[in-house]
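Here's the structure, in structure tokens; my notes come after.
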Protein chains: 2
Amino acid sequence: MKSEINIKSIAEALSVSISTVSRALQNNPKIGLKTRELVLEKAKELKYVPNPASMFLKGKKMFVIGIIVPALDEEFFTKVINTVEDFFEKQGYQVFVFQTRNDMKRQDNALELMLKYRVDGLLVSLAGNTTDYSKFKKVEDFGIPVVFFDRVPRSYKSHKIKCDIQKGAVDAIGFLKDLNCKRIALINGPSNLDASDERLNGYLLGLQKNNIRSSQSLIKSCDLTKKSAMAVMEEFLSQENVPDAIFGFNDYVALYAMLVCKKRGIVPNQEIKFVSYGNLPITSLMSNPPLASVEQFPDKTGMEAAQLLLSIIDNKVEIDDYREMIIETKLVVH
Amino acid sequence: MKSEINIKSIAEALSVSISTVSRALQNNPKIGLKTRELVLEKAKELKYVPNPASMFLKGKKMFVIGIIVPALDEEFFTKVINTVEDFFEKQGYQVFVFQTRNDMKRQDNALELMLKYRVDGLLVSLAGNTTDYSKFKKVEDFGIPVVFFDRVPRSYKSHKIKCDIQKGAVDAIGFLKDLNCKRIALINGPSNLDASDERLNGYLLGLQKNNIRSSQSLIKSCDLTKKSAMAVMEEFLSQENVPDAIFGFNDYVALYAMLVCKKRGIVPNQEIKFVSYGNLPITSLMSNPPLASVEQFPDKTGMEAAQLLLSIIDNKVEIDDYREMIIETKLVVH
DNA sequence: TATTGAAATGCAAATGTTTGCATAATTTTT
DNA sequence: AAAAATTATGCAAACATTTGCATTTCAATA
């Protein structure tokens, strides 16, 4: 009901055939210059907007990429998005964004939308509570390639670009050991995240390598919200075995934990040292950022994921020739 | 070429007519229960995905809303996005996001995409360098309603939800006056932004109301990047007339300016007081946040914009019965 | 002038789905 | 048992555009 101008309207207004109009609009050289100009002019005059239906009917490419992230208010993801956009724009694609806010239902809806809009490819960082991958299967069965990045599925077979979380953890623990920390606590993320598992493993491995005894009382999880992270920190400060270092799931968690210290008059990074993941620019605004943070290179992650996706779209890599890539991490000391 | 499964495949597989399949998939009660179940089962088995072409051909609603913002890494916009999503999800719509990164060309591309995908409505916060509104005209002529929020066009007629920037500035200056500040500097945004004009006007009005003489040397602009904001602050500190207060375009600008102070050993908010716009949660993580910040209520902005857009979509408000709304601001002292 | 060749344009089929109308099958009523 | 009412299914047109093939138009050549 929106606009009733179609190529037929233009054809009638100019007394030419529909095919002539169609070809003129595509700048087909078979159409004479005069006719072509007339058509283009009339199209503008009538405010013609092509109906995408035929694109879908004829199975044409849409030149659109979808990117699904857990959250838009995490700097890591916006950095990835920017890189992906820059890359695909150069290739003539547009990128649109969808956030799941860590909800699988929203994620599934997003996948249906991508299917409906026939995107040419999909980059995904998983919602935290993803338990069922059938929608991803559906998308891929349909022929739309999916590349996971950062928060990648544990067992589901697919293309994956992830960073070496474990090595980052080992480095971080080593750094704290050198500062003579002995009671290093981990504020981890939710247990259903693969990323949490890897942090825990890296943390334990790091302790082991540095001959530090691990303790159940120094390992706690939060759901990554401010409230939850602060509550966990309160627990640490209230218990008998008070940590002398905090290893945060990411910079935000560390910053939230620091807030609790400040509230209690404890100056961060003195009695209690902080390290975390992300090395996000936001920390550069703080007077007391974490002493060190594991850089995860969102630019590189985004670039690798985008390049892999394009290769699959261009049939240079088979859609089911699943590739995995590990992005190196680096502990950055501030 | 992606998937060749259509309702015809299902119809043939079950030896029923295409119309029966179509109706069964729509849960049309005219179709017998057994048939319906058979069809649904077969559809799943064959991994049928409906072709959106017919939606477009028949002019059906897509139940999709687009939202275009200048940047995803500004907390204000992600908050608006969250609110808009929550609202529209309840109404059965999906929301997809596009960022322009303050580039009009990207914005125009995004508008073409919205047209191509036939979104039911559009929420837009303008790219900084928007000079030409013809693409917006095109979208609206086509019948897709557009509601601008926060960064709204100055002269282009449209639906607009914006906040009372000027009053915020006057309040902020009053606050600084009470702290005995006499040389209040403004670090404004780029001059092509309407939001910059309003801040300047509010700033000047505030000075006037408080009997403070304005000075050209206390007004500078940056392009909102960290580098640019810090450069401006350097200038202020190097010039003869050193400010005793900084009024920042937003919290980020103020935080960047504070970094310069710290680098020079000046403790922020002592010799030089800071106030800004946004009252963003991020400032709560700082040990020295701006003394006060003008809250712009992203939730309210998003909600009002979403509600207005829905009213237009539902034909409760005519698309060209342009509404404007001013969201009150509030100076929040930390 | 007739013939050839090229350029410009038109016809009609094809694409996937919905839907009003028609028909067929079944059940209910007389 | 026949007629009427109900239920289930099918036919075919409609939607906007593209495109292979056919046709027309016109200019150039023989």
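Quick note: numbers below take in every heavy atom, side chains included, and nothing from hydrogens, waters or symmetry partners. Throughout, protein chains are lettered first and strands after them, A, B, ... in sequence-line order, and every chain is numbered starting at 1. Since this is a predicted model, take the numbers as computed values, not measurements.
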Spell out, as yes or no, whether a donor-acceptor pair under 3.5 Å connects the side chain of B/Lys160 to the backbone of B/Pro153. yes

Just by distance, do the side chain of B/Tyr48 and the backbone of B/Ile10 share a donor-acceptor pair under 3.5 Å? no

Between atom [atom1] in [X] and atom [atom2] in [N], what is the gap in whole Å?
X       : N      : atom1 : atom2 : answer
B/Met62 : C/dT17 : CE    : C1'   : 13 Å
A/Ile31 : D/dT25 : CD1   : P     : 16 Å
B/Leu57 : C/dA14 : CG    : P     : 17 Å
A/Ile7  : C/dA12 : CD1   : P     : 16 Å
B/Phe56 : D/dT18 : CZ    : C1'   : 17 Å
B/Lys60 : C/dT19 : NZ    : C1'   : 9 Å
B/Ile5  : C/dT15 : CD1   : P     : 14 Å
A/Lys30 : D/dT25 : NZ    : P     : 18 Å

Check the surroundings of atom [atom1] in [X]: do more than 12 heavy atoms from other residues, nucleotides or ligands lie under 6.0 Å from it?
X        : atom1 : result
A/Gln91  : CD    : yes
B/Glu318 : CD    : no
B/Lys79  : NZ    : no

[X] side-chain N/O to [N] phosphate OP1/OP2 under 4.0 Å:
X       : N      : answer
A/Gln26 : D/dT19 : yes
A/Asn51 : D/dA16 : no
A/Thr35 : C/dT9  : yes

Hey, could you give me the NZ/CG distance between A/Lys316 and A/Asp314, rounded to the nearest 0.5 Å? 4.5 Å

What is the minimum heavy-atom distance between B/Leu126 and B/Val152, and which atoms define it? CD1-C, 3.7 Å

Using heavy atoms and a sub-4.0 Å distance, could you list which residues of residues 8-20 of chain B are near DNA chain C? By number, please. B/Ile18, B/Ser19

Please table the atom pairs, donor to acceptor, closer than 3.5 Å between any side-chain atom in residues 93-104 of chain B and protein atoms at least two apart or in another chain.
from, atom 1, to, atom 2, distance (Å)
B/Tyr93, OH, B/Lys61, NZ, 2.4
B/Gln99, OE1, B/Leu72, N, 3.2
B/Gln99, NE2, A/Asn82, OD1, 2.6
B/Gln99, NE2, A/Glu85, OE1, 3.2
B/Thr100, OG1, B/Val69, O, 3.4
B/Thr100, OG1, B/Asn102, N, 3.3
B/Arg101, NE, A/Glu85, OE1, 3.1
B/Arg101, NH1, A/Asp86, OD1, 3.4
B/Arg101, NH2, A/Asn82, O, 3.2
B/Arg101, NH2, A/Glu85, OE1, 2.8
B/Arg101, NH2, A/Asp86, OD1, 3.0
B/Asn102, OD1, B/Gly128, N, 2.8
B/Asn102, OD1, B/Arg151, NH1, 3.3
B/Asp103, OD2, B/Arg106, N, 3.3

Base, sugar-phosphate or nothing for A/Pro52? Non-hydrogen atoms, less than 4.0 Å. nothing

Bend of the helix from C/dT1-D/dA30 to C/dT30-D/dA1 from end-axis comparison, five pairs per end, nearest 10°, comes to 60°

Kindly assign one of parallel, tilted or perpendicular to the pair A/Phe148 and A/Tyr133, based on the angle between their ring planes and the thresholds 30° and 60°. perpendicular

CA sep, side-chain torsions, deciding dist, call: A/Ser22, A/Ser19, side chain to side chain donor-acceptor pair (under 3.5 Å): CA-CA 5 Å; A/Ser22 171; A/Ser19 12; over 6 Å; no

Cationic N near anionic O, under 4.0 Å, B/Lys137 to B/Glu140: no

Ion pair present between A/Lys162 and A/Glu324, side-chain N to carboxylate O less than 4.0 angstrom? no

Please list, pair by pair, any protein nitrogen or oxygen found under 3.5 Å from a nitrogen or oxygen in nucleotides 21-23 of chain C.
none

Residue-level proximity of residues 37-44 of chain B to DNA chain D when a heavy atom falls under 4.0 Å: none

Apply salt bridge (charged side-chain N to carboxylate O under 4.0 Å, His left out) to B/Lys42 and B/Glu45, showing your working. CA-CA 5 Å; B/Lys42 197 55 140 182; B/Glu45 182 192 328; 3.5 Å; yes

Taking distance alone, no hydrogens or angles, what donor-acceptor pairs closer than 3.5 Å link side-chain atoms of residues 303-311 of chain A to residues at least two apart or in another chain?
from, atom 1, to, atom 2, distance (Å)
A/Glu304, OE2, A/Lys300, NZ, 3.4
A/Ser311, OG, A/Gln307, O, 2.9

